[in-house]
Amino acid sequence: SAKRCDYNCGGFALGLYNWYLPYPQEMRNEISMIFGDWKCSYRKTMKIMVNYIVDTLPVRVIKSLKHLDEQTEYCVAFGLSKGDFHYIKRYKQGVWYHKMGGSYHIQRMEEEEVFSKRGWIGGKYNSKIVLLAVKKRQFRG
């Protein structure tokens, strides 16, 4: 099983337990250029990343938590900062957790912060957020 330092916020929140980047490897340079020009293009970056996530994983975009099918899905919030992205995972009872990059720590985040206009983690991640409904894994035993 993966050690906590081997997966990032995306690998944690999406249940992949690897170092997950929300774009194809071959777009790496383009993404860093877009990221550098934050003012005019974080929306473009967000669109590229969300499209990639939805195209490659059992995930759909939802407008609000009431569009979540709690039986088969859980919610992940996705946001950007200048030069970075972050995911926060919602567990049962509406408790949110996230993990910073290669850190070992999984931390709780209050729902007020998840939906705060000020952004996450001291306002570092301050883009509009996108809510993702992620299919729960179907374990066969």
Side-chain angles (χ1 to χ4, degrees), residues 1-38 40-141:
S1 76
K3 293 200 296 290
R4 278 191 186 172
C5 57
D6 292 339
Y7 54 90
N8 63 354
C9 58
F12 166 70
L14 298 165
L16 303 169
Y17 304 104
N18 63 16
W19 201 273
Y20 180 78
L21 299 175
Y23 51 87
Q25 199 58 43
E26 60 273 13
M27 280 191 74
R28 201 181 193 133
N29 293 340
E30 190 183 339
I31 290 287
S32 35
M33 276 173 17
I34 296 171
F35 258 152
D37 190 9
W38 182 243
C40 70
S41 59
Y42 93 80
R43 284 187 185 83
K44 181 179 174 187
T45 306
M46 179 67 91
K47 192 178 171 132
I48 290 169
M49 290 183 175
V50 170
N51 287 343
Y52 178 77
I53 297 164
V54 169
D55 288 348
T56 56
L57 295 172
V59 167
R60 63 191 180 95
V61 174
I62 55 175
K63 284 271 185 263
S64 74
L65 291 173
K66 57 176 187 281
H67 296 106
L68 191 66
D69 174 0
E70 303 257 6
Q71 294 303 304
T72 61
E73 298 171 321
Y74 65 90
C75 187
V76 168
F78 178 67
L80 300 176
S81 73
K82 186 178 168 81
D84 200 9
F85 55 85
H86 199 54
Y87 295 82
I88 307 170
K89 178 178 184 173
R90 183 177 181 264
Y91 280 80
K92 293 183 185 76
Q93 292 89 42
V95 181
W96 296 80
Y97 288 95
H98 67 118
K99 179 185 183 297
M100 298 302 290
S103 156
Y104 272 92
H105 302 290
I106 291 172
Q107 297 166 296
R108 185 173 175 168
M109 187 183 286
E110 294 306 319
E111 189 154 43
E112 295 74 53
E113 184 179 355
V114 175
F115 291 104
S116 162
K117 294 277 178 265
R118 286 192 309 279
W120 304 334
I121 308 164
K124 180 180 180 201
Y125 298 89
N126 57 1
S127 69
K128 283 199 162 59
I129 65 169
V130 172
L131 296 179
L132 304 169
V134 182
K135 271 267 181 267
K136 292 177 182 172
R137 284 246 158 42
Q138 302 302 312
F139 292 107
R140 291 184 182 85

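Sequential numbering from 1 along the given sequence is applied to the chain's residues.
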Identify every side-chain donor-acceptor pair in residues 85-93 under 3.5 Å, counting partners at least two apart or on other chains, and give the distances.
residue: H86; atom: NE2; partner: H98; partner atom: ND1; Å: 2.8
residue: R90; atom: NH1; partner: E70; partner atom: OE2; Å: 3.4

Spacing of [X] atom [atom1] and [Y] atom [atom2] [to the nearest 0.5 Å]:
{"X": "I48", "Y": "I53", "atom1": "CD1", "atom2": "CD1", "answer": "12.0 Å"}
{"X": "L65", "Y": "L131", "atom1": "CG", "atom2": "CG", "answer": "6.0 Å"}
{"X": "T45", "Y": "R43", "atom1": "OG1", "atom2": "CZ", "answer": "11.0 Å"}

Donor-acceptor under 3.5 Å (W120 side chain, V114 main chain):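 Flag set: sc W120 to bb V114 pair under 3.5 Å.
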Expected output: side-chain Y17 to main-chain D6 donor-acceptor under 3.5 Å: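 No, Y17 side chain to D6 backbone: no donor-acceptor pair under 3.5 Å.
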Check: L80 and M49 side chains under 4.5 Å, non-hydrogen atoms: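 The answer is yes; the side chains approach within 4.5 Å.
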L57 vs K135 side-chain heavy atoms within contact, under 4.5 Å: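 No. Closest side-chain heavy atoms not under 4.5 Å.
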Qualifying residues under ring pair (Phe, Tyr, Trp, His ring centres under 6.0 Å), relative to Y20, sequence neighbours excluded: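 Ring pair (Phe, Tyr, Trp, His ring centres under 6.0 Å) check on Y20 returns nothing, list empty.
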F115: partners by ring pair (Phe, Tyr, Trp, His ring centres under 6.0 Å), with sequence neighbours left out: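 Here the qualifying residues are W96.
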Among residues at least two apart in sequence or on other chains, which ones pass salt bridge (charged side-chain N to carboxylate O under 4.0 Å, His left out) with [X]?
{"X": "K47", "result": "none"}
{"X": "E26", "result": "none"}
{"X": "R28", "result": "none"}

So, for [X] and [Y], which heavy atoms are closest and what is the spacing to 0.1 Å?
{"X": "L132", "Y": "F78", "answer": "CD1-CB, 4.2 Å"}
{"X": "A13", "Y": "V76", "answer": "O-CG2, 3.5 Å"}
{"X": "Y125", "Y": "G79", "answer": "CD2-O, 4.4 Å"}
{"X": "V59", "Y": "V54", "answer": "O-CG1, 3.8 Å"}
{"X": "V130", "Y": "V61", "answer": "CG1-CG1, 3.9 Å"}

Sequence-distant partners of R4, side chain to side chain contact (heavy atoms under 4.5 Å, CB included), two or more places apart: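 For R4, the residues satisfying side chain to side chain contact (heavy atoms under 4.5 Å, CB included) (neighbours in sequence not counted) are Y7, K99, Y104, I106.
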Salt bridge (Lys or Arg N to Asp or Glu O under 4.0 Å) contacts touching residues 118-129 (sequence neighbours left out):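 For residues 118-129, and leaving out neighbouring residues, the salt bridge (Lys or Arg N to Asp or Glu O under 4.0 Å) pairs sorted by first residue read D84-K124.
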All pairs passing salt bridge (Lys or Arg N to Asp or Glu O under 4.0 Å) where residues 100-113 contributes a residue, at least two apart: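 Residue pairs passing salt bridge (Lys or Arg N to Asp or Glu O under 4.0 Å), neighbours aside: R108-E110.
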Residue pairs fulfilling side chain to side chain donor-acceptor pair (under 3.5 Å) with at least one residue in residues 50-69, sequence neighbours excluded: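 Pairs touching residues 50-69 that pass the test: R60-E73, S64-H67, D69-T72.
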